[in-house]
Amino acid sequence: MSQSPVTPTARPRRPQLNLTVRERRLLSPSMVRVVMGIDEPERYADVVPPEKYVKLVFLDPAGEHPSPAPGQNPDYWELKESLPGDRQPVTRHFTIRRYVPERDELWMDFVLHGDEGFAGPWAARAEPGDRIIALGPGGKWAPSAEAAWTLVAADDAAIPAALAVVEALPASARGEVVLEVGSPRDVLAVTAPAGMAVRWVFRQDAAPGDTRALVRAVQEAGWPAAPEGVQVFAHGERESMKALRDELLGRRGLAREQVSLSGYWAQGRTEDVFQAEKKQPVGQIL
Ligand SMILES: Cc1cc2nc3c(=O)[nH]c(=O)nc-3n(C[C@H](O)[C@H](O)[C@H](O)COP(=O)(O)OP(=O)(O)OC[C@H]3O[C@@H](n4cnc5c(N)ncnc54)[C@H](O)[C@@H]3O)c2cc1C
């Protein structure tokens, strides 16, 4: 693939991957997996699990998001430069739950959060043969094999990343995995090292993004006496992550380098608003 020109001040352009849906599989009432083939696998060179993500591209926000025809994948960066503001493609971040190199395949797991938005509704209806553009992958964080105790905490949107992290831990890892979903019907199978206790917590009637269940579960985890050697991966709704920041860096006394803390979405905000708010105090977690 030819590299797009980069001006000194511009962010590097992520490579474009053209994907074709192979399968849609319901994992729980609130989560669907879409298995996608990579059209040009030679472009997909740098995948190192676990926390890799792409930006999925929804081409025409004013229209029906038509699937690009085979062999006619539009160039995202050309469209971005040429289309007027109200026709700009929309992008949404999604974790690569698994990369299967022998089948040139990516798995992505989508929260079914209703009819609003682009990505959730697209995944709910994705059919074999549908095509979509992804930009990336990005994401650098990986768990340290040296950590004495690991906490992995996530809500639904970050569960794909959290499970990829848990699968990447060494067999000797010790710690806890705390996963928040709506109800016991949303629980998924987890493969974790024997020393990682897995605990599911339920929002029950509270709305997604309600901070209490996840924060309480993190407070109640079997923390070691001292923070040395602890590592934390905590990703999810923005306000939950702010509450966890106070818990982890404040009450628990962890250093910033010990913690991967990231907001994945914000209640009542589309991703565009959520991303734009990162430049304002309300959007800042660390
Ligand atoms: C690095 C990264 C990786 C991510 N990986 C995943 C992933 O693997 N799977 C995944 O499902 N999400 C993931 N997310 C979160 C996802 O990008 C957002 O949830 C995104 O807003 C979904 O886009 P949408 O078009 O469906 O909804 P939008 O158009 O962005 O939002 C429409 C409405 O739905 C609400 N909404 C959005 N997401 C949720 C949710 N999870 N629960 C309840 N309400 C919601 C919004 O607040 C808004 O009111 C990731 C985010 C980041 C930053």
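Order of listing sets the numbers, starting from 1, for every ligand and every atom in it.
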Practice task
For F110, counting its heavy atoms only, list the atoms of ligand 1 lying under 4.0 Å from any of them.
Solution key: 11 (O)

Problem - Residue selection (non-hydrogen contact nearest atom 22 (C) of ligand 1) among F94, Y53, W265 - result: F94

Practice task
From the options G114, G117, G139, A119, select the one whose nearest heavy atom is closest to atom 32 (C) of ligand 1.
Solution key: G117

Problem - pair E105-M36: side-chain heavy atoms closer than 4.5 Å - result: no

Problem - Contact (N/O only, under 3.5 Å) between P160 and ligand 1 - result: no

Exercise for the section: Select the closest option to atom 34 (O) of ligand 1 among E116, Q267, H113, R238, judged by heavy-atom distance. Expected result: H113

Practice task
Could you tell me whether R199 and E220 have a side-chain N and a carboxylate O separated by less than 4.0 Å?
Solution key: yes

Problem - atom 17 (O) of ligand 1: nearest protein contact (heavy atom, Å) - result: H93 O, 2.7 Å

Exercise for the section: Determine the interplanar angle of the W223 and W149 rings, folded into 0 to 90°, and report it as parallel if under 30°, tilted if 30 to 60°, perpendicular if over 60°. Expected result: tilted

Practice task
Given side-chain contact (heavy atoms from CB on, under 4.5 Å), test L254 with V230 step by step and report yes or no.
Solution key: CA-CA 8 Å; L254 296 176; V230 169; 3.9 Å; yes

Handout entry: Test log, rule salt bridge (charged side-chain N to carboxylate O under 4.0 Å, His left out), inputs R97 and E167
Key = CA-CA 10 Å; R97 174 68 183 86; E167 287 168 11; 2.6 Å; yes

Exercise for the section: Check whether any side-chain heavy atom of I96 lies under 4.5 Å from a side-chain heavy atom of R98, and answer yes or no. Expected result: no

Handout entry: Protein residue, atom and distance nearest to atom 6 (C) of ligand 1, heavy-atom basis
Key = A157 O, 3.2 Å

Practice task
Could you check atom 9 (N) of ligand 1 against the protein and tell me its nearest heavy-atom contact, residue, atom and distance included?
Solution key: D109 O, 2.8 Å

Problem - Electrostatic pair E81:R13 at N-O distance under 4.0 angstrom - result: yes

Practice task
Could you tell me the residue and atom name of the protein heavy atom closest to atom 31 (O) of ligand 1, and the distance to it rounded to 0.1 Å?
Solution key: T270 CA, 3.6 Å

Handout entry: Pick from Y264, W141, W122: the one approaching atom 4 (C) of ligand 1 most closely through a non-hydrogen atom
Key = Y264

Problem - M196 and T150, any side-chain heavy atoms less than 4.5 Å apart - result: yes

Exercise for the section: State whether a side-chain donor-acceptor pair under 3.5 Å links S240 with D155. Expected result: no

Exercise for the section: Write down the atom of P50, the atom of W141, and the distance for their closest heavy-atom approach. Expected result: CD-O, 3.9 Å

Practice task
Compute the shortest N/O to N/O distance between A266 and ligand 1 and return yes if it is under 3.5 Å, no if not.
Solution key: yes

Problem - For atom 5 (N) of ligand 1, closest protein heavy-atom neighbour - result: T95 OG1, 2.9 Å

Problem - Atom pair CG (D156) and CH2 (W265), whose distance is rounded to the nearest 0.5 Å - result: 7.5 Å

Exercise for the section: Check if G268 has a non-hydrogen atom at a distance under 4.0 Å from any atom of ligand 1. Expected result: yes

Handout entry: G120 neighbourhood, listing ligand 1 atoms whose heavy-atom distance to it stays under 4.0 Å
Key = 26 (O)

Fill in the blank from the handout: Residue, atom and distance of the protein heavy atom nearest atom 11 (O) of ligand 1 read V111 N, 2.9 Å

Fill in the blank from the handout: Of R97, E271, E237, the residue with the heavy atom nearest atom 21 (O) of ligand 1 is E271

Fill in the blank from the handout: among protein heavy atoms, the one nearest atom 29 (O) of ligand 1 is R92 NH2, 2.9 Å

Exercise for the section: For atom 46 (C) of ligand 1, find the nearest protein heavy atom and state the residue, atom name and distance (0.1 Å precision). Expected result: R269 O, 3.0 Å

